[in-house]
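Given the structure is predicted, the values throughout are model-derived calculations rather than measurements.
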Amino acid sequence: MIRVDLRSDTVSHPSPEMRKAMAEAEVGDDVYGDDPTVNRLQDLAAEKLGMEAGLFVTSGTQGNLVSMLTHCQRGDAVALGEMSHIYNAEAGGTSVLGGIAMRILPNEKSGVISAEAIRTAGAPGDYHKSPVKVLAIENTQNGAGGTAITPEQTAVMVGAANELGLKVHVDGARIFNSAVAQNIPASELARGVDSLTFCLSKGLACPIGSVVVGSRDFIEEADRWRKMLGAGMRQVGIIAAAGIVALDSMIDRLAEDHANATKLAEGLAEYPDVDIDMESVQTNIVRFAVPAGVGKPFAAAMYEEGVYMNAADSALRLVPHYGIDSEDIDFTLLAVKKAMAVATA
Ligand SMILES: Cc1ncc(COP(=O)(O)O)c(C=O)c1O
């Protein structure tokens, strides 16, 4: 039987407070702008990020897509990192649905895109190239191990983008993990950026939803794109209610997930067959490598021991979240001991 599911923070379940708030939510037709709970969530989200307005969307993927559609016309381009979720894991929606090209830039180990790399992205006036309109950065940077990008690093990227006349979008799926890890308000991570998407349904444990924040004009236009994508929702305060609980009471507890991730990483680092960069373990994501061919039998053996993880040949990831406590990490490390023996035998 599976006791610990560490595939992702997306597998977390809503808290009892969320379920109660959902049951009791005051609702209206959100396409008419009539849902008071959605309006409250959007306002609260904008306030937390220091932006003018917010838009409730179904997912992080949709928030990023709506943002790209709002920043770019068909034939324009977005510049973004090779590790980025938008490029690697959103089914190419930006290009397929938006006709927007992707200009891929190198990420540093930290997840940052250097100013030099950004400067290579846009050569205005060269009609051989699709004009880059926006730089998309990611915070935390999932592919780099959930690294927390700092306000200073953000300012350098924003500065380089603005020099080229580019807007900046942050895929902040886990922006509150980044803020908690750095002990700063999330609004500091949105300073100077034009739009940001964050997820309610990851570490914040909501069942559904993300919010896009930006200027009032940006959000008005993003709302039109959301409608076009078929995501104008009606009495959706039922879901937004959980988001309000999350923003009011689930942010600070992300520190527990970070502590559990560090404990897990320290335990994994004891194994000679595990290659782990402790510097990359800054939030709730633990990325590590095992010798080629060991990953899949290791994940299968972990499953037998009661720990669910995604299987891959060598590059593996474990993600503690709401519902996983320190004892579950002890249980997981015991499973690692047994599974490693089986997988490397
Ligand atoms: C960095 C990042 N951005 C965007 C997303 C997309 O979110 P969703 O799964 O809600 O579409 C994810 C999902 O894991 C993510 O890790």
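With hydrogens and angles left out, the side-chain atoms of Ser187 and Lys48 include no donor and acceptor closer than 3.5 Å. The closest side-chain donor-acceptor pair between Thr140 and Asn177, if any, does not fall under 3.5 angstrom. In summary, the side chains of Glu90 and Thr94 do not present any donor paired with an acceptor at a separation below 3.5 Å, with no hydrogens or angles considered.
One finds no salt bridge joining Arg224 and Glu220 here, because no Lys/Arg side-chain nitrogen approaches an Asp/Glu carboxylate oxygen to under 4.0 Å. Using a 4.0 Å cut-off between a side-chain N of Lys or Arg and a carboxylate O of Asp or Glu, Asp328 and Arg3 qualify as a salt bridge. Salt-bridge check for Asp76 with Lys129: failed, with every basic side-chain N at 4.0 Å or more from each acidic carboxylate O.
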Discussion item. Could you walk me through whether Arg40 and Ile244 satisfy the side-chain contact (heavy atoms from CB on, under 4.5 Å) test, starting with their C-alpha distance in whole Å, then the side-chain angles of each, then the deciding distance to 0.1 Å, before giving a yes or no?
Written reply: CA-CA 8 Å; Arg40 207 143 39 89; Ile244 294 171; 3.9 Å; yes

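Heavy atoms from other residues, nucleotides or ligands lying under 6.0 Å from NZ of Lys263 number more than 12.
Every residue two or more places apart in sequence or in another chain was checked for a salt bridge (charged side-chain N to carboxylate O under 4.0 Å, His left out) with Glu327, and none qualifies. Residues satisfying the ring-ring contact (aromatic ring centres under 6.0 Å, His included) criterion with Tyr271, sequence neighbours excluded, are absent altogether.
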Could you give the side-chain donor-acceptor pairs of residues 109-116 under 3.5 Å, partners two or more places apart or in another chain?
| residue | atom | partner | partner atom | Å |
| --- | --- | --- | --- | --- |
| Lys109 | NZ | Asp277 | OD2 | 2.9 |
| Ser110 | OG | Val112 | N | 3.2 |
| Ser114 | OG | Ala117 | N | 3.0 |

Show me, pair by pair, the donor-acceptor contacts under 3.5 angstrom made by side chains of residues 150-161, not counting sequence neighbours?
| residue | atom | partner | partner atom | Å |
| --- | --- | --- | --- | --- |
| Thr150 | OG1 | Glu152 | N | 3.4 |
| Thr150 | OG1 | Glu152 | OE1 | 3.4 |
| Thr150 | OG1 | Gln153 | N | 3.0 |
| Thr150 | OG1 | Gln153 | OE1 | 3.4 |
| Gln153 | OE1 | Thr150 | N | 2.9 |
| Thr154 | OG1 | Thr150 | O | 2.8 |

Please list every donor-acceptor pair under 3.5 Å in which a side-chain atom of residues 188-200 meets a protein atom from a residue at least two apart or in another chain.
| residue | atom | partner | partner atom | Å |
| --- | --- | --- | --- | --- |
| Asp194 | OD2 | Val168 | N | 2.8 |
| Ser195 | OG | His71 | NE2 | 2.8 |
| Ser195 | OG | His169 | ND1 | 2.8 |
| Thr197 | OG1 | Gly63 | O | 3.4 |

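Rounded to the nearest 0.5 angstrom, Asn139 CG and Phe176 CZ are separated by 11.5 Å.
With contacts defined as side-chain heavy-atom distances shorter than 4.5 Å, the pair Asp29/Asp35 does not qualify.
Counting all heavy atoms, side chain and backbone alike, Val336 lies closest to Phe298 at O-CE1, 4.0 Å.
A side-chain donor-acceptor contact under 3.5 Å links Arg216 to the backbone of Glu52.
Legend: salt bridge (charged side-chain N to carboxylate O under 4.0 Å, His left out) pairs involving residues 155-174, not counting sequence neighbours, sorted by first then second residue: Asp9-Arg174, Arg119-Glu163.
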